[in-house]
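So the structure is just underneath, and the comments pick up after that.
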Amino acid sequence: MKIIGFILSLVLGQTSLFATESIGYYTKGKIKQSQDIRHYQGSWHKLFQQRNKFYATDELLQNITDLSLYIEQFMPQALPLQLGDIAGKHGGKAYRHRSHQNGLDVDIVYLGKKTKIQPTHAKEWQERFTKGKKVSPNFDSKANWQVFTWLVQNTKVNRIFVDQAIKSNLCRYTSNNPEIDKAERVKVLRRLRPARHHKTHFHLRLTCPKGHDQCIEQGPPPSGSGCRSLALTPIEEDDI
């Protein structure tokens, strides 16, 4: 049965004879035997298709698929996951990015209360979820916290880059919510890192997968939630 399942997965394009491999660092790397998100069956909507950034490691694409199916099942009010750039077929330098080179980065639109599906070939993001130090009325704190919690619990997250106003919002939202476990709150908030150019989307970055011996990983984020010293937290990345 395992052999039949493996052959079926090959036909569906979800497994390769040679496993994908992330090589090098996020801002200076490449991908060996990359996979195409279009071969995965999930509830997602790919933006900026003209850029041809559909590729990544098996691990990242499976995580995206699993997240999209989780949202579809447990958050029926939400729209399908809207994906920005992932990486080029062989990785390497990506248009308008410093990272997205080794198949472990993906941009994803925040969940909004009344967000519309953005056009697949639009040249720019269609909605900003922050203005100054505040989130927009359309930013759904509960839904986005649920997404970030799922990612930290179910994937090998290195960092999730967000706008500083969004982290501030989630620090306040979780501190006033007694239903959120305190230890889990710190665990998730630790991974949310303030970054420029993330008013429209968050940037998920995975750690180097097991067996990817040539992958160079970014060090772990500082301990703690980072909420008290948020105003002093250095911007970690200059990426869009």
Side-chain angles (χ1 to χ4, degrees), residues 37 40-48 60-86 105-120 122 125-195 197-206 221 225-227 230:
I37 187 66
Y40 282 69
Q41 300 299 314
S43 181
W44 49 263
H45 179 76
K46 182 68 177 70
L47 307 178
F48 312 128
L60 179 61
L61 298 187
Q62 190 61 59
N63 287 168
I64 293 172
T65 300
D66 292 345
L67 173 61
S68 74
L69 295 175
Y70 167 79
I71 291 174
E72 181 180 53
Q73 182 176 357
F74 295 101
M75 305 169 69
Q77 76 284 0
L79 291 174
L81 205 60
Q82 298 187 72
L83 308 177
D85 289 339
I86 308 177
D105 296 285
V106 59
D107 291 336
I108 302 176
V109 175
Y110 297 110
L111 296 187
K113 299 173 183 177
K114 297 181 180 180
T115 307
K116 296 180 180 179
I117 289 288
Q118 300 183 25
T120 59
W125 303 96
Q126 299 296 293
E127 180 176 4
R128 291 190 175 191
F129 290 86
T130 71
K131 184 176 182 180
K133 297 182 179 181
K134 296 183 179 181
V135 299
S136 71
N138 193 38
F139 181 79
D140 193 329
S141 300
K142 180 179 179 180
N144 284 287
W145 179 254
Q146 192 170 342
V147 165
F148 295 146
T149 300
W150 186 93
L151 286 169
V152 172
Q153 290 177 341
N154 295 280
T155 74
K156 300 295 185 181
V157 173
N158 180 294
R159 282 164 168 75
I160 301 173
F161 297 104
V162 299
D163 187 79
Q164 190 165 18
I166 284 174
K167 175 150 186 180
S168 295
N169 170 269
L170 293 176
C171 284
R172 292 191 298 272
Y173 169 75
T174 55
S175 68
N176 296 324
N177 192 331
E179 296 181 359
I180 297 175
D181 179 78
K182 291 182 179 180
E184 192 65 35
R185 173 182 182 268
V186 173
K187 185 178 179 181
V188 176
L189 287 170
R190 180 190 177 204
R191 298 292 171 179
L192 301 183
R193 310 307 300 170
H197 310 304
H198 288 81
K199 299 178 183 296
T200 54
H201 67 280
F202 67 90
H203 175 160
L204 171 64
R205 170 170 293 170
L206 300 185
S225 69
C227 291
L230 187 57

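- Looking only at distances, no side-chain donor or acceptor of Arg185 sits under 3.5 Å from a matching main-chain atom of Ile180.
- Legend: residues meeting side-chain contact (heavy atoms from CB on, under 4.5 Å) with Leu69, ordered by chain and number and at least two apart, are Thr65, Glu72.
- Counting heavy atoms from C-beta on, the side chains of Tyr70 and Val147 never come closer than 4.5 Å.
- With hydrogens and angles ignored, the 3.5 Å screen pairs no side-chain donor or acceptor of Arg193 with any backbone N or O of Val162.
- With rounding to the nearest 0.5 Å, the separation of NE2 in His201 from CZ in Arg128 is 11.5 Å.
- What you find for Glu127 and Gln118 is that their closest heavy atoms are N-NE2, 4.2 Å.
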Check against side-chain contact (heavy atoms from CB on, under 4.5 Å), Trp145 and Val188
CA-CA 9 Å; Trp145 179 254; Val188 176; 3.5 Å; yes

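- In this structure, Phe202 and Tyr110 have tilted ring planes: the angle between them lies in the 30° to 60° band.
- A distance-only check finds a donor-acceptor pair linking the side chain of Ser68 to the backbone of Ser43 [under 3.5 Å].
- Checking Asn169, Asn177, Thr174 one by one against Ser141, the side-chain hydrogen bond (donor to acceptor under 3.5 Å, both in side chains) holds for a single residue, Asn169.
- For the atom pair NZ (Lys199) and CG (Asp163), the distance works out to 4.5 Å, reported to the nearest 0.5 Å.
- Between Trp125 and Phe48, the ring planes lie perpendicular to each other; the angle is over 60°, past the 30° to 60° tilted range.
- Separation of atoms SG (Cys171) and CD1 (Ile166) is listed at 12.0 Å; rounding is to 0.5 Å.
- Side-chain atoms of Lys131 and Ser136, non-hydrogen and from C-beta on, never get closer than 4.5 Å to each other.
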Is there a side-chain contact (heavy atoms from CB on, under 4.5 Å) between Asp107 and Leu47? Walk through the geometry before answering.
CA-CA 10 Å; Asp107 291 336; Leu47 307 178; over 6 Å; no

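- Minimum heavy-atom separation, Ala165 to Val135: O-CG1, 3.8 Å.
- Pro194 approaches Leu192 most closely through the heavy-atom pair CD-O, 3.8 Å.
- For Lys46 (side chain) and Gln82 (main-chain N/O), no donor-acceptor pair under 3.5 Å exists by modelled atom type.
- The two residues Gln126 and Pro119 have their closest heavy-atom pair at CG-CD, 3.8 Å.
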Between Met75 and Leu111, does a side-chain contact (heavy atoms from CB on, under 4.5 Å) hold up when you go through it step by step?
CA-CA 11 Å; Met75 305 169 69; Leu111 296 187; 3.6 Å; yes

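- Nearest approach of Ile86 to Ile64, heavy atoms of both residues: CD1-CD1, 4.3 Å.
- Between the side chain of Asp105 and the main chain of Arg205, no donor-acceptor pair closer than 3.5 Å is present.
- Every residue meeting the side-chain contact (heavy atoms from CB on, under 4.5 Å) condition with Lys142, not counting sequence neighbours, appears here in chain and number order: Asp140, Tyr173.
- Side-chain atoms of Lys167 come within 3.5 Å of backbone atoms of Leu189 as a donor-acceptor pair (strictly under, hydrogens ignored).
- In plain terms, the two heavy atoms of Leu67 and Leu151 that are nearest each other are CD2-CD2, 3.9 Å.
- Interatomic distance, Phe139 CZ to Asn144 CG, rounded to the nearest 0.5 Å: 4.0 Å.
- Side-chain atoms of Ile108 and Leu83, non-hydrogen and from C-beta on, do get closer than 4.5 Å to each other.
- Only one option out of Thr155, Ile37, Leu206 pairs with Leu60 in a side chain to side chain contact (heavy atoms under 4.5 Å, CB included); it is Leu206.
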